[in-house]
Amino acid sequence: MKKLIVLFTALAIVSCSNEEIGGLGTKTNLNSIKITDYSKNNEILGSQEMFFENEKLKTIKSSDNRVSDYTYNNQNLVSKIIDYNPDGEILITTTFLYTNTGKITEITRISGPANEEILNNKFVFTHLAGKILLAKSSGNNTAEHSEISLNSNNQFEKQTSFSGAFYYKYDFVNGNLEKCAQFENNGNLTGNVRTYKYTNLPNIYNYKKLLFGNEWKLNNFLCSFYASNSTVFLDLSENLVSEDVVTFFDASSNYTVNFRTKTDYIFDSSNRMSKMTENSSIESGTTSITIRPSIKTEFVFTYKD
């Protein structure tokens with residue numbers, strides 16, 4: 001269920017482009033995506049369904065009866081999302097601002113009257129040559145700052161933490177992110193590493209192209225600063241991922257744990273993605289013994305033909 005919640009949160013920031021899908025100007029006629037989490041015994045842990053109209057995400061409905069509604073600006077990018085509880089009361093209102101080229105410059109999240117948690121958060125992104133500056137503020141508190149460095153191919157290269165205590169380093173090979181690792185400022189690895197393997201399939205089928213416009217990879221990544229979503233790294237590459245492994249290790253005790261996810265894809269006769277399945281497990285890297293039941297997440301796509 002954790003992965004489902006993470007994905008739901010990530011999709012709470014979306015933008016759409018009717019004009020370009022993979023640079024082809026071809027409409028997918030996407031109607032809905034149903035996302036279901038299963039236990040190892042194939043029991044349903046939770047689900048949600050996303051509904052699209054005219055290449056735009058309009059509504060998300062969850063199995064717990066929560067609903068999110070989306071509206072868009074004149075750039076065809078989402079300008080406001082309102083999240084409701086099962087009683088139809090507002091939980092959170094999220095608003096967005098963009099550059100004239102569609103890059104997110106500001107995200108604001110305000111609590112509704114039905115939300116017990118008081119939110120008044122703002123994320124401001126300043127896009128400069130070779131880097132992006134981020135200021136995060138909450139209410140009247142002093143803003144925190146982070147910086148994202150970009151390489152010559154405009155790919156993410158380094159990201160500093162808000163605390164300044166560590167940074168992330170990204171390694172791309174042939175357009176694909178192969179490793180993301182967390183380091184202390186002195187250069188020592190903290191024990192948190194993500195590695196990726198890829199299929200030969202180009203990453204042109206991703207439905208988030210309908211959600212985030214031409215800058216979907218960048219915008220999806222920027223959304224993770226409030227959504228705490230590690231799965232956004234899977235969307236940065238030129239090819240569809242086949243396997244990703246998050247490794248935590250403790251050098252002092254020589255203990256390693258791997259969180260492994262394998263992804264499979266099915267396409268219909270029109271070469272549109274019809275199903276994506278993620279199978280995840282947590283295993284000991286030193287003994288290869290699974291220490292928690294596997295979790296399966298299934299994405300089922302339907303289209304208006």
Side-chain angles (χ1 to χ4, degrees), residues 6-23 50 52 55-60 68-83 92-111 119-139 143-151 153-162 168 170 172 177 180 203 206-237:
V6 165
L7 179 63
F8 181 83
T9 307
L11 287 173
I13 308 178
V14 296
S15 59
C16 298
S17 172
N18 287 336
E19 300 173 353
E20 179 167 326
I21 300 168
M50 298 180 285
F52 297 78
E55 310 298 314
K56 293 182 180 181
L57 175 63
K58 301 297 289 185
T59 304
I60 296 178
S68 297
D69 288 333
Y70 298 77
T71 57
Y72 297 82
N73 62 19
N74 58 9
Q75 294 174 277
N76 261 344
L77 305 176
V78 69
S79 57
K80 181 183 292 186
I81 299 168
I82 302 178
D83 300 320
I92 300 175
T93 298
T94 307
T95 57
F96 313 88
L97 297 176
Y98 303 86
T99 67
N100 57 10
T101 59
K103 297 177 181 178
I104 291 176
T105 60
E106 185 177 305
I107 303 169
T108 303
R109 289 166 57 77
I110 304 296
S111 296
L119 293 177
N120 184 10
N121 300 332
K122 180 181 289 188
F123 301 79
V124 177
F125 303 93
T126 303
H127 300 269
L128 303 173
K131 62 183 177 182
I132 302 170
L133 305 180
L134 168 59
K136 178 178 71 172
S137 59
S138 178
E144 299 177 276
H145 298 273
S146 176
E147 181 175 316
I148 305 167
S149 301
L150 307 174
N151 62 23
N153 294 319
N154 216 35
Q155 297 164 328
F156 303 108
E157 187 172 56
K158 182 180 177 182
Q159 172 202 332
T160 61
S161 66
F162 287 107
Y168 298 97
Y170 305 93
F172 283 83
L177 179 63
C180 172
N203 189 16
N206 199 310
Y207 64 89
K208 293 176 186 176
K209 287 193 174 186
L210 299 177
L211 310 179
F212 289 90
N214 296 337
E215 296 288 350
W216 70 280
K217 290 186 178 183
L218 171 64
N219 288 339
N220 190 36
F221 181 83
L222 297 182
C223 293
S224 69
F225 283 95
Y226 87 81
S228 300
N229 178 18
S230 62
T231 63
V232 297
F233 299 121
L234 305 181
D235 298 326
L236 298 177
S237 299

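Here the structure is a predicted model, which is why all the values come from computation and not from measurement.
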**Prompt:** Would a distance-only check, ignoring hydrogens and angles, find a side-chain to backbone donor-acceptor pair under 3.5 Å from S68 to I60?
**Reply:** no
**Request:** Find out whether T94 and I82 are in side-chain contact, i.e. whether some heavy atom of one side chain is under 4.5 Å from a heavy atom of the other.
**Result:** no
**Asked** Quick one: does T160's side chain get under 4.5 Å of Y168's, heavy atoms only?
**Response** no
**Prompt:** If only atom types and distance count, is the side chain of E106 paired as donor or acceptor with the main-chain N or O of T95 below 3.5 Å?
**Reply:** no
**Asked** Are the side chain of S149 and the backbone N or O of E157 linked by a donor-acceptor pair below 3.5 Å?
**Response** no
**Item:** Atom pair NZ (K136) and NZ (K122), whose distance is rounded to the nearest 0.5 Å
**Value:** 15.0 Å
**Message:** If you define the side chain from C-beta out and look only at heavy atoms, does anything of F225 sit under 4.5 Å from I107?
**Reply:** no
**Request:** Keeping the roles fixed (side chain from N120, backbone from S138), state whether a donor-acceptor pair exists under 3.5 Å.
**Result:** no
**Prompt:** Measuring from K103:NZ to L97:CG, what's the distance to the nearest 0.5 Å?
**Reply:** 16.0 Å
**Request:** Indicate the ring-plane relationship of Y170 and F221, choosing parallel, tilted or perpendicular according to the 30° and 60° boundaries.
**Result:** perpendicular
**Message:** Any side-chain to backbone donor/acceptor pair from K58 onto M50? Under 3.5 Å, distance only.
**Reply:** no
**Asked** Between the side chain of S137 and the main-chain N/O of A143, is any donor-acceptor distance below 3.5 Å?
**Response** no
**Prompt:** Going by distance alone, is a donor N or O of one side chain under 3.5 Å from an acceptor N or O of the other, for N151 and Q155?
**Reply:** yes
**Request:** Please check if any side-chain donor atom of K56 sits under 3.5 Å from a side-chain acceptor atom of N76, or the reverse.
**Result:** yes
